[in-house]
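I have placed the structure first, in the form of structure tokens, so that the comments after it can refer back to it.
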Amino acid sequence: MLAHALEAGELIVTTGLVLQELLQGFRGPKAAREIRKRFSALPMLVPDLEDHVEAAELRNLCRRRGAQIGTIDALIAQMCIRHTLTLLTTDRDFKAVAAHTSLKLWKH
């Protein structure tokens, strides 16, 4: 899906949070260099103070509704909501967020 979106010229953005999580999951300097190279081509969203405040509120809302999400996932979701972006993910936790908020998920 990502390759198709890139070929179609759609705007694809990421955040340092996603880059960090990917780098933490790969081993070896060669893999890290390749990830950094690929991510350097994408615009990066940087969270601001309001994103952190809203992410905390989003996480609390989800918890009250029975959906547990992590701090980083809440921040990523909040940034997507704020910028009206559709999130491409395989993480099922985001489905719970989308069920209780305006988060849009990329459907395949």
Exercise for the section: Considering non-hydrogen atoms only, spot the tightest contact between Ile12 and Trp106 and give its length. Expected result: CD1-CH2, 4.4 Å
Exercise for the section: Report, as yes or no, whether the 6.0 Å neighbourhood of atom NE2 on His4 holds more than 12 heavy atoms from other residues, nucleotides or ligands. Expected result: no
Contacts of [X] that satisfy side-chain contact (heavy atoms from CB on, under 4.5 Å) - sequence neighbours left out:
| X | result |
| --- | --- |
| Pro43 | Leu11, Val13 |
| Ala99 | none |
| Arg33 | Pro29, Lys30 |
| Leu105 | Leu87, Thr89, Phe94, Lys95, Ala98, Leu103 |

Problem - Sequence-distant partners of Arg38, side-chain hydrogen bond (donor to acceptor under 3.5 Å, both in side chains), two or more places apart - result: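 Partners of Arg38 by the side-chain hydrogen bond (donor to acceptor under 3.5 Å, both in side chains) criterion, ordered by chain and then number, come out as Glu34.
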What pairs of donor and acceptor atoms, side-chain ones from residues 44-62 against any protein atom, are under 3.5 angstrom apart with sequence neighbours left out?
residue	atom	partner	partner atom	Å
Asp48	OD1	Glu50	N	3.1
Asp48	OD1	Asp51	N	2.9
Asp48	OD1	Arg82	NH1	3.1
Asp48	OD2	Arg82	NH1	3.0
Asp48	OD2	Arg82	NH2	3.1
Asp51	OD1	Arg82	NH1	3.2
Asp51	OD2	Asp48	N	3.0
Asp51	OD2	Arg82	NH1	2.6
Arg59	NE	Ile69	O	2.6
Arg59	NH2	Ile69	O	3.4
Asn60	OD1	Arg63	NH1	3.4
Asn60	OD1	Arg63	NH2	2.9
Asn60	ND2	Ala56	O	3.3

[atom1]/[X] to [atom2]/[Y] distance, rounded to the nearest 0.5 angstrom?
| X | Y | atom1 | atom2 | value |
| --- | --- | --- | --- | --- |
| Lys104 | Leu85 | NZ | CG | 7.5 Å |
| Ser40 | Ile35 | OG | CD1 | 12.0 Å |
| Thr15 | Gln20 | OG1 | CD | 9.5 Å |
| Ile72 | Asp91 | CD1 | CG | 12.5 Å |
| Glu21 | Leu23 | CD | CG | 10.5 Å |

Practice task
Output every pair passing salt bridge (charged side-chain N to carboxylate O under 4.0 Å, His left out) with a member in residues 2-15, not counting sequence neighbours, ordered by first then second residue.
Solution key: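 Those involving residues 2-15 do not exist here.
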Exercise for the section: Report yes if some heavy atom in the side chain of Val97 is under 4.5 Å from a heavy atom in the side chain of Asp73; otherwise report no. Expected result: no
